[in-house]
Enquirer: 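Structure below; questions to follow.
None of the values given here were measured: they were computed from a predicted structure.
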Number of protein chains: 2
Amino acid sequence: MSTEAKSTAAAGCGFREIRGLVTELSRRLDAHQRGRIAELDLTPTQAKALEELGEPRTARELAAALCCEPPNVTYVISKLEKQGMVVRQPHPLDGRAKQLVLTEAGRELRLDLLRRMGAESPLDHLSDAERSVLRDDLLKALGRAD
Amino acid sequence: MSTEAKSTAAAGCGFREIRGLVTELSRRLDAHQRGRIAELDLTPTQAKALEELGEPRTARELAAALCCEPPNVTYVISKLEKQGMVVRQPHPLDGRAKQLVLTEAGRELRLDLLRRMGAESPLDHLSDAERSVLRDDLLKALGRAD
DNA sequence: TATTGTTATACTCTATAACTATA
DNA sequence: TATAGTTATAGAGTATAACAATA
């Protein structure tokens, strides 16, 4: 295709190639997860919030977990509340805060979600040994090999 | 299918752990690229378009490459055109279409971008051998090992 | 009649600022 | 005065529909 990228790639395997592979794998895993999430009529952010609410959290804590600002938590939680999946309860220790707590339906939905996400995966064709190797290499790439 | 979906996960390394590692690595690589892109005062989509325009493309082709709809190409290209990086030329074979062609400044910017993106990377601490192993594992995970 | 690119428009998501109620 | 959550509002980005020019 283009010649300018080959200077670095030619030596061994270059940054751009690995970046492309990681991106592709990431997209494939994400696509799989989005499929499971869509099966339950959830948006990705709703699903993330649902995952985080295994234990009650304040809006502030949830915002930190979701890496977003508090108004966005209000936005997402309001939708989940309308669907009857979560309720806002007064915080027992701080009258300003609210505890976001899953309803019975919310807990069921969360378990359903986690079950679906773990059930099948685009990595199923790998053997246990291959997965183990992949994990170790990823850890090494992230600079925290054991 | 087993009712205990985590039986394999608990034993070795599960889907969720690898997904998390791949996502983290992907985010880290993306963050690195966003840094390089921001250095040139570009948005990620502009950078992607710039990369794709190594050869002239029609808006339709660029939309396919960027996985978006044609109006969004108009949106992005109009910005790049205002910055003097690209021009819309009549297509030699189809009067309806337009060829999106980089200007001299656009070509320079594109090369600068590619050079910066390849210059350093969050994978620099890996040896050539380790990178090679990582690449092979990723290819295997993607189901197209050599 | 079909297709290319553009315009007009709406929707989603996210961010900042202002407001309230507690602390 | 500071903090938690909400509301109001604005911005970027992406989508659909309607349109003009061309095939």
Side-chain angles (χ1 to χ4, degrees), chain A residues 23 27 30-31 33-35 37-38 40-53 55-83 85-102, chain B residues 23 27 30-31 33-35 37-38 40-53 55-83 85-102:
Chain A
T23 300
R27 283 200 212 289
D30 285 348
Q33 298 302 62
R34 275 196 302 274
I37 288 168
L40 296 174
D41 285 316
L42 295 169
T43 67
T45 313
Q46 281 180 319
K48 244 181 164 180
L50 217 48
E51 281 190 71
E52 289 295 329
L53 288 177
E55 297 297 325
R57 300 256 185 280
T58 66
R60 219 83 192 178
E61 290 168 342
L62 190 54
L66 299 182
C67 298
C68 70
E69 301 301 317
N72 303 324
V73 170
T74 300
Y75 178 76
V76 173
I77 292 300
S78 295
K79 290 202 294 184
L80 282 174
E81 194 179 39
K82 270 176 201 150
Q83 296 168 342
M85 297 304 163
V86 62
V87 290
R88 293 166 156 103
Q89 290 181 358
H91 194 284
L93 303 176
D94 188 337
R96 300 168 300 180
K98 286 175 187 170
Q99 267 191 331
L100 309 175
V101 184
L102 292 185
Chain B
T23 300
R27 281 198 213 289
D30 285 349
Q33 298 303 63
R34 274 196 301 275
I37 288 168
L40 296 174
D41 285 316
L42 295 169
T43 67
T45 312
Q46 281 181 319
K48 245 181 166 180
L50 218 48
E51 281 191 70
E52 289 295 328
L53 289 178
E55 298 297 325
R57 300 255 185 281
T58 66
R60 218 83 192 180
E61 290 168 342
L62 190 54
L66 300 181
C67 297
C68 71
E69 301 301 316
N72 303 325
V73 170
T74 299
Y75 178 75
V76 174
I77 292 299
S78 295
K79 290 202 292 184
L80 282 174
E81 194 179 38
K82 270 175 202 151
Q83 297 169 341
M85 297 304 164
V86 62
V87 290
R88 292 166 157 105
Q89 291 180 356
H91 194 283
L93 303 175
D94 188 335
R96 300 168 302 180
K98 285 175 188 169
Q99 268 191 330
L100 309 174
V101 184
L102 292 185

Enquirer: Could you check if a side-chain atom of Asn72(A) sits within less than 4.5 angstrom of a side-chain atom of Leu66(A), using non-hydrogen atoms only?
Expert: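 No. Closest side-chain heavy atoms not under 4.5 Å.
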Enquirer: Is the closest side-chain heavy-atom distance between Gln33(A) and Pro44(A) below 4.5 Å?
Expert: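 Sidechains of Pro44(A) and Gln33(A): no contact.
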Enquirer: For the pair made of CG in Leu93(B) and P in dT4(C), what is the distance, rounded to whole Å?
Expert: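 For the pair Leu93(B) CG and dT4(C) P, the rounded distance is 14 Å.
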Enquirer: Using the closest heavy atom to pick a nucleotide of DNA chain C for each, name whichever of Pro70(A) or Gly95(A) lands nearer the 5' end.
Expert: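 Result: Pro70(A).
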Enquirer: Name the residue closer to the 5' end of DNA chain C, choosing between Pro44(A) and Ser78(B) according to the nucleotide with the nearest heavy atom.
Expert: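 Mapping each residue to its closest nucleotide by heavy atoms, the 5'-most match is Ser78(B).
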Enquirer: Please report the distance, rounded to the nearest Å, between CG in Asn72(B) and P in dT7(C).
Expert: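 Spelled out: CG on Asn72(B) to P on dT7(C) is 14 Å.
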Enquirer: Could you work out which one of dT6(C), dT14(C), dA4(D) sits closest to the side chain of Thr45(A)?
Expert: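 When the side chain of Thr45(A) is considered, dT14(C) is the closest of dT6(C), dT14(C), dA4(D).
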Enquirer: Which nucleotide in the list dA23(D), dG5(C), dT6(D) gets nearest to the side chain of Pro71(A)?
Expert: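 Out of dA23(D), dG5(C), dT6(D), the nucleotide with an atom closest to Pro71(A)'s side chain is dT6(D).
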Enquirer: Ile77(A) CD1 to dT14(C) P: how many Å, rounded?
Expert: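 Those two atoms, CD1 and P, are 13 Å apart.
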Enquirer: Out of Arg96(A), Lys98(A), His91(A), which residue meets the side chain to side chain donor-acceptor pair (under 3.5 Å) rule with Asp94(A)?
Expert: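 Among Arg96(A), Lys98(A), His91(A), the one meeting side chain to side chain donor-acceptor pair (under 3.5 Å) with Asp94(A) is Arg96(A).
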Enquirer: Are the side chains of Arg88(B) and Thr74(B) in contact, using a 4.5 Å heavy-atom criterion?
Expert: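 Yes; the side chains approach each other to less than 4.5 Å.
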Enquirer: Please pick, from dA23(D), dT7(C), dA15(D), the nucleotide with the shortest atom-to-atom distance to any side-chain atom of Glu69(B).
Expert: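 Within the option list, the nearest is dA15(D).
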Enquirer: Does a nitrogen or oxygen in the side chain of Thr74(A) sit under 4.0 Å from OP1 or OP2 of dT6(D)?
Expert: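 Result: yes.
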Enquirer: Are Lys48(B) and dG13(D) close enough that a side-chain N or O sits under 4.0 Å from OP1 or OP2?
Expert: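 For dG13(D), neither OP1 nor OP2 has a side-chain N or O of Lys48(B) closer than 4.0 Å.
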Enquirer: Could you state the CD1-P distance from Ile37(B) to dA12(D), rounded to the nearest angstrom?
Expert: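 That distance rounds to 18 Å.
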Enquirer: Quick check for you: among dA15(C), dG5(D), dG13(D), whose closest atom lies nearest to any side-chain atom of Lys79(B)?
Expert: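 The answer is dG13(D), which lies nearest to the side chain.
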Enquirer: Of the candidate nucleotides dG5(D), dT14(D), dT7(C), which contains the atom at the shortest distance from the side chain of Ala59(A)?
Expert: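 Among the listed nucleotides, the one closest to the side chain of Ala59(A) is dG5(D).
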Enquirer: Closest approach to the side chain of Lys98(A), judged atom by atom: which nucleotide of dT22(D), dT6(D), dA15(C) is it?
Expert: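 When the side chain of Lys98(A) is considered, dT6(D) is the closest of dT22(D), dT6(D), dA15(C).
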Enquirer: What's the NZ-P distance between Lys82(A) and dT6(D), to the nearest Å?
Expert: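 After rounding, the reported distance stands at 12 Å.
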Enquirer: Rounded to the Å, how far apart are Arg88(B) CZ and dT22(D) P?
Expert: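 Computing the Arg88(B):CZ to dT22(D):P distance gives 16 Å.
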Enquirer: Counting side-chain heavy atoms from CB outward, which of dA15(C), dC13(C), dT7(C) is closest to Tyr75(A)?
Expert: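 So the side chain of Tyr75(A) is nearest to dC13(C).
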Enquirer: Mapping Val73(A) and Arg96(A) to their closest nucleotides on DNA chain D, which lands nearer the 5' end?
Expert: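 The residue whose closest nucleotide sits nearer the 5' end is Arg96(A).
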Enquirer: Which one, dA23(C), dA15(D), dC13(C), comes nearest to the side chain of Thr43(A)?
Expert: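 It is dC13(C).
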Enquirer: Less than 4.5 Å apart, any side-chain heavy atom of Val76(B) and any of Leu62(B)?
Expert: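 SC-SC contact between Val76(B) and Leu62(B) ruled out.
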Enquirer: Figure out the CZ/P separation between Arg60(A) and dT22(C), and round it to whole Å.
Expert: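 Those two atoms, CZ and P, are 16 Å apart.
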Enquirer: Can you tell me the distance, in whole Å, between the CD atom of Gln89(A) and the P atom of dG5(D)?
Expert: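 Result: 14 Å.
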Enquirer: Do Gln83(B) and Asp41(B) make a side-chain contact, defined as non-hydrogen atoms from C-beta onward lying under 4.5 Å apart?
Expert: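 No, side chains not in contact.
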